[in-house]
Visitor: 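Input: one structure, supplied below.
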Amino acid sequence: MNAITDRFGAFEPGTVWLVGAGPGDPGLLTLLAVHALQTADVIVYDALVSDDVLALARPEAIREFAGKRGGKPSPKQRDITERLIELARAGHRVLRLKGGDPFVFGRGGEEALGLVAAHVPFKVVPGITAGLGGLAAAGIPATTRDTNQAVILMTGHCATDGSDGIDWAAYARTGAPLILYMAMSNLPKIAPALIAAGTAPDTPVAIVVRASTEAQRTLVTTLATAHDDAIAAGFEAPAIIAIGAIAGLKAALVGAGLDARALP
Ligand SMILES: C[S@@+](CC[C@H](N)C(=O)[O-])C[C@H]1O[C@@H](n2cnc3c(N)ncnc32)[C@H](O)[C@@H]1O
């Protein structure tokens, strides 16, 4: 028994731990995530779990990739959940490791519901979500008293023809910064929709690619030019896009003692 096991309970055989791996930097893992990595028999991990995080796993642990790779279709969600159930029923300590927080745009909720239905004991370990921790790693505060009283975390991976029911005008009217996940490919549609709804074209936009990793890159631009500037800079997913005054605060913070990774 180590201190973490004493405090939080053992990782029992036949159980699943649904764990957030944070945005990529292993220094941003929780103690429970590290404990799970060093105890699990099988690790079922997603594409956004960084190699540096996986390197902390027990060498004997079996690793199963459950994400999208090389343009191949990703495994169906139901298949992943069934695999977790199968592994747990075989008596393994199953670590389901997901980027960021498992319950934020990660389908962890669906997996947890599947485990409940199958009567498989499980534990949820939150992680630092990219939309908050990833921005912080790039020197962008999600809130300041002078800029905003709310933030909106939302997915940009959606139909922009209205069929998904996202009312961009309603979000624009709140005046709150939008922090978008999975939005890179839809940015050419999202930005005009927000501008048409009254958001100023010169509203600051920050795009943070691979936040908190060695490959982190940040671009601060405007809503009107964000897509073209991202293309010109060669930015690709995974990225967080922050739209609003908070994006403009990065410049004021850079050089004031931030981690070097927060620099452009
Ligand atoms: C399926 S969602 C998973 C979100 C994750 N559960 C979380 O809480 O951060 C994947 C999206 O998260 C964002 N993302 C995750 N990790 C990131 C990182 N290190 N840097 C930038 N964006 C990231 C990107 O928008 C990516 O397309």
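Counting starts at 1 for both ligands and their atoms, in listed order.
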Visitor: Pro23 versus ligand 1: do any nitrogen or oxygen atoms come within less than 3.5 Å of each other?
Guide: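 Checking ligand 1 against Pro23, an N or O pair does fall under 3.5 Å apart.
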Visitor: Tell me whether Leu180 has any N or O atom under 3.5 angstrom from an N or O of ligand 1.
Guide: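 Between Leu180 and ligand 1, no N or O pair is found under 3.5 Å apart.
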Visitor: Considering only the protein, which heavy-atom contact is closest to atom 27 (O) of ligand 1, and what is its distance?
Guide: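 Going by distance alone, atom 27 (O) of ligand 1 is nearest to Met182 CG, 3.2 Å.
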Visitor: What atoms of ligand 1 come within less than 4.0 Å of a heavy atom belonging to Asp101?
Guide: 6 (N), 7 (C), 8 (O)
Visitor: If we only count N/O pairs under 3.5 Å, is Thr129 in contact with ligand 1?
Guide: yes
Visitor: Side chain or backbone of Ala239 under 4.0 Å from ligand 1, or both, or neither, by non-hydrogen atoms?
Guide: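 Answer for Ala239: backbone.
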Visitor: Which residue and non-hydrogen atom of the protein lie closest to atom 5 (C) of ligand 1, and at what distance in Å?
Guide: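 Checking every protein heavy atom, the shortest distance to atom 5 (C) of ligand 1 gives Gly99 O, 3.2 Å.
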Visitor: Are Gln216 and Asp25 close enough that some pair of their side-chain heavy atoms sits under 4.5 Å apart?
Guide: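 A side-chain contact under 4.5 Å is absent here.
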Visitor: Please say whether Gly131 places an N or O atom under 3.5 Å from an N or O atom belonging to ligand 1.
Guide: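 Checking ligand 1 against Gly131, no N or O pair falls under 3.5 Å apart.
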Visitor: Classify the side-chain pair Thr129/Asp101 by whether it contains a donor and acceptor separated by less than 3.5 Å.
Guide: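 No pair is found: no donor N or O on one side chain lies under 3.5 Å from an acceptor on the other.
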Visitor: Quick one: CG on Leu194 to CG on Leu178, what's the gap to the nearest 0.5 Å?
Guide: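 It comes to 6.0 Å.
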Visitor: Can you confirm whether Ile207 sits close enough to Leu187 that some side-chain heavy atom of one is under 4.5 Å from a side-chain heavy atom of the other?
Guide: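 When only atoms from C-beta onward are counted, Leu187 and Ile207 do touch, with a gap below 4.5 Å.
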Visitor: Nearest to atom 10 (C) of ligand 1, what protein heavy atom do you find, and at what distance?
Guide: Leu48 CD1, 3.4 Å
Visitor: Quick one: does ligand 1 sit under 4.0 Å from the side chain of Thr213, the backbone, both or neither, non-hydrogen atoms only?
Guide: neither
Visitor: Around atom 23 (C) of ligand 1, find the nearest protein heavy atom and jot down its residue, atom name and distance.
Guide: Ala130 CB, 3.5 Å
Visitor: As an exercise, state the distance from CD1 of Ile240 to CG of Leu180, rounded to the nearest 0.5 Å.
Guide: 8.0 Å
Visitor: N/O to N/O below 3.5 Å, does that happen between Ala211 and ligand 1?
Guide: yes
Visitor: Among all protein heavy atoms, pick the one closest to atom 12 (O) of ligand 1 and tell me residue, atom and distance.
Guide: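 I find the closest protein heavy atom is Tyr181 CD2, 3.5 Å.
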Visitor: At what distance is the nearest protein heavy atom to atom 1 (C) of ligand 1, and which residue and atom is it?
Guide: Phe105 O, 3.1 Å
Visitor: Is the side chain of Asp46 donor-acceptor paired with the backbone N or O of Val49 at a distance under 3.5 Å, no angle test?
Guide: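 No; judged by distance alone, with no hydrogens or angles, the pair does not exist.
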Visitor: Just heavy atoms, cut-off under 4.0 Å: does Ile240 contact ligand 1 by side chain, backbone, both, or neither?
Guide: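 For Ile240, the contact with ligand 1 is made by both the backbone and the side chain.
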Visitor: With the threshold set at under 4.0 angstrom, would you say Lys98 reaches ligand 1 through any of its heavy atoms?
Guide: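 No, that is not the case, since the closest heavy atom of the residue is not under 4.0 Å from the ligand.
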Visitor: Measure from the side-chain N and O atoms of Arg96 to the backbone N and O of Val16, and report whether any donor-acceptor pair falls under 3.5 Å.
Guide: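 No, because the side chain of Arg96 does not come within donor-acceptor range (under 3.5 Å) of the backbone of Val16.
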Visitor: Would you say ligand 1 has an N or O under 3.5 Å from any N or O of Val208?
Guide: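 So ligand 1 has no N or O lying under 3.5 Å from an N or O of Val208.
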Visitor: Does Val120 reach the side chain of Leu84, with side-chain heavy atoms less than 4.5 Å apart?
Guide: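 Side chain of Val120 against side chain of Leu84, heavy atoms only: no contact under 4.5 Å found.
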Visitor: Under 3.5 Å between any N/O of Val104 and any N/O of ligand 1: does that happen in this structure?
Guide: yes
Visitor: Before signing off on this row, confirm whether Gly24 and ligand 1 have an N or O atom pair separated by under 3.5 Å.
Guide: no
Visitor: Do Thr221 and Thr225 pair up side chain to side chain, a donor and an acceptor below 3.5 Å, judged on atom types alone?
Guide: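 Side-chain D/A pair, Thr221 to Thr225: present.
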Visitor: Centre-to-centre under 6.0 Å for Phe122 and Trp17, is that the case here?
Guide: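 No.
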Visitor: Is the shortest heavy-atom distance from the side chain of Leu56 to the side chain of Val53 under 4.5 Å?
Guide: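 No. Closest side-chain heavy atoms not under 4.5 Å.
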